[in-house]
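Below you'll find the structure, written out as structure tokens, and then a few comments.
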Amino acid sequence: MADLNDPLAPKEDEADVHFEPVIRLTEQVETKTYEEDEDVLFKMRAKLFRFDTAGNEWKERGTGDARLLQHRVTKKVRLVMRRDKTLKVCANHAITSDMRLQPNIGSDRSWVWKVAADYAESPPTSETLAIRFANSDNAAEFKIMFEKAQIMNAGGTPPEDNEEVKEEEEEEEEEEEEKAAEKAEEDTEKAKEVAPEVAPEEKKEDQ
């Protein structure tokens, strides 16, 4: 018998009804970021700002990891930055050769540059952006990688890569010279083994 004092207790005449869900969510929906075919060349935490021309002031756009991503097929590099927690895109544009990183007045850890088309919003917008890092070393590293990306997008080879190729070529040449020297030494030893020895009697007659 049901407890009449318990309002949550089932009544004797209540039927135990069970409803099956109309749709079973058995598969997880895959979320694409459109970054699946790209490699991370640079990643550093920073704070991004945009200049509001209407209010004539800087406005914070977000804090998160500033990344330079290179497409595996086209080899093009773009800058992508997402806000912490929400992962909302706050910067998304190609690194073009006409961009110039300018130091922010009064700071050695931030840079300012102009973007003709940033795709963080739809439709893309022309922006003046500023990025601030934790220290000057991080800012300097960003500048190096940013300018390297500009050269790569223009179809050139960054100076560091040229040096690496040159070092590899020099190492290969050294290895070939060492192999050639070893082979020459082996050939000399083999020649000594094949050459006939002079008998003691013949040596005496020669004297």
Side-chain angles (χ1 to χ4, degrees), residues 32-171:
K32 289 189 176 182
T33 62
Y34 299 99
E35 301 170 13
E36 290 79 10
D37 297 326
E38 295 172 303
D39 295 321
V40 180
L41 300 182
F42 173 87
K43 179 180 178 181
M44 191 77 70
R45 184 172 175 79
K47 182 173 287 188
L48 188 71
F49 301 84
R50 62 175 290 272
F51 188 74
D52 181 18
T53 54
N56 196 30
E57 61 179 347
W58 288 101
K59 290 187 176 181
E60 184 176 339
R61 210 172 198 189
T63 300
D65 289 329
R67 295 174 300 153
L68 297 182
L69 307 179
Q70 183 181 40
H71 197 277
R72 296 189 185 102
V73 178
T74 65
K75 302 301 180 183
K76 296 299 183 181
V77 183
R78 62 174 176 148
L79 185 148
V80 176
M81 186 169 175
R82 294 178 180 271
R83 297 190 184 112
D84 287 340
K85 297 181 181 179
T86 63
L87 299 181
K88 180 178 173 59
V89 176
C90 55
N92 177 21
H93 61 265
I95 308 297
T96 57
S97 58
D98 60 333
M99 294 178 178
R100 293 290 178 270
L101 289 181
Q102 301 293 336
N104 196 9
I105 299 174
S107 176
D108 62 350
R109 59 192 181 103
S110 62
W111 302 102
V112 178
W113 73 99
K114 294 181 180 296
V115 182
D118 183 80
Y119 290 82
E121 303 290 343
S122 183
T125 56
S126 175
E127 301 285 355
T128 298
L129 301 176
I131 193 167
R132 187 173 67 202
F133 294 91
N135 52 59
S136 57
D137 290 339
N138 291 355
E141 186 177 349
F142 173 77
K143 185 175 188 294
I144 291 172
M145 294 303 298
F146 189 97
E147 293 176 347
K148 183 177 179 180
Q150 288 180 305
I151 297 173
M152 295 168 71
N153 283 350
T157 303
E160 292 181 3
D161 291 349
N162 284 333
E163 292 177 4
E164 290 177 1
V165 171
K166 187 177 180 180
E167 288 177 1
E168 290 177 358
E169 290 177 350
E170 290 176 354
E171 289 177 359

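Quantities reported herein were computed from a predicted structural model and do not represent experimental measurements. Index from 1, following the sequence.
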Measure the [atom1]-[atom2] distance between [X] and [Y] for me, rounded to the nearest 0.5 Å.
| X | Y | atom1 | atom2 | result |
| --- | --- | --- | --- | --- |
| K47 | R109 | NZ | CZ | 9.0 Å |
| Q70 | D39 | CD | CG | 7.0 Å |
| M145 | M152 | CE | CE | 7.5 Å |

Side chains of [X] and [Y]: does their closest heavy-atom pair fall under 4.5 Å?
| X | Y | answer |
| --- | --- | --- |
| M99 | V115 | yes |
| V112 | L129 | no |
| T157 | I151 | no |
| I95 | L79 | yes |
| T125 | R50 | no |

Summary of side-chain hydrogen bond (donor to acceptor under 3.5 Å, both in side chains) pairs that have at least one residue in [range], sequence neighbours excluded:
| range | answer |
| --- | --- |
| residues 80-91 | E35-R82, R45-D84 |
| residues 89-98 | R78-N92, H93-W113, H93-D118, T96-D98 |
| residues 129-145 | K143-E147 |

Exercise. Output, in order, the C-alpha distance, side-chain angles, deciding distance and verdict of side chain to side chain contact (heavy atoms under 4.5 Å, CB included) for Q150 and R100.
Key: CA-CA 10 Å; Q150 288 180 305; R100 293 290 178 270; 4.2 Å; yes

Taking all non-hydrogen atoms of both residues into account, name the closest pair between [X] and [Y] and its distance.
| X | Y | value |
| --- | --- | --- |
| A139 | S110 | CB-N, 4.3 Å |
| N153 | V77 | OD1-N, 2.7 Å |
| A120 | A91 | CB-N, 3.8 Å |

Pairs under 3.5 angstrom only: tabulate donor-acceptor contacts from the side chains of residues 51-60 to other protein residues two or more places apart or in another chain.
| residue | atom | partner | partner atom | Å |
| --- | --- | --- | --- | --- |
| D52 | OD1 | A54 | N | 3.3 |
| D52 | OD2 | G55 | N | 3.4 |
| D52 | OD2 | K59 | NZ | 3.2 |
| E60 | OE2 | T63 | OG1 | 3.4 |

Quiz prompt | Residue list, ring pair (Phe, Tyr, Trp, His ring centres under 6.0 Å) with F142, at least two apart or on another chain | solution =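 F42, F133, F146.
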
Practice problem: Could I get the full list of ring pair (Phe, Tyr, Trp, His ring centres under 6.0 Å) partners for Y119, not counting sequence neighbours? | Solution: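 Counting only residues at least two positions away or on another chain, Y119 forms no ring pair (Phe, Tyr, Trp, His ring centres under 6.0 Å).
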
Practice problem: Look only at the side chain of K75 and the backbone of R72, and say whether a donor-acceptor pair between them is shorter than 3.5 Å. | Solution: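 The answer is yes, because a donor-acceptor pair under 3.5 Å joins these two groups.
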
Quiz prompt | Donor-acceptor contact present, side-chain R61 to main-chain C90, <3.5 Å | solution =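 Side chain of R61 to backbone of C90: a pair is present.
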
Quiz item: Given the rule in the side chain to side chain contact (heavy atoms under 4.5 Å, CB included) test, do D37 and V73 qualify, once you have shown the distances and angles that lead to the verdict?
Solution: CA-CA 8 Å; D37 297 326; V73 178; over 6 Å; no

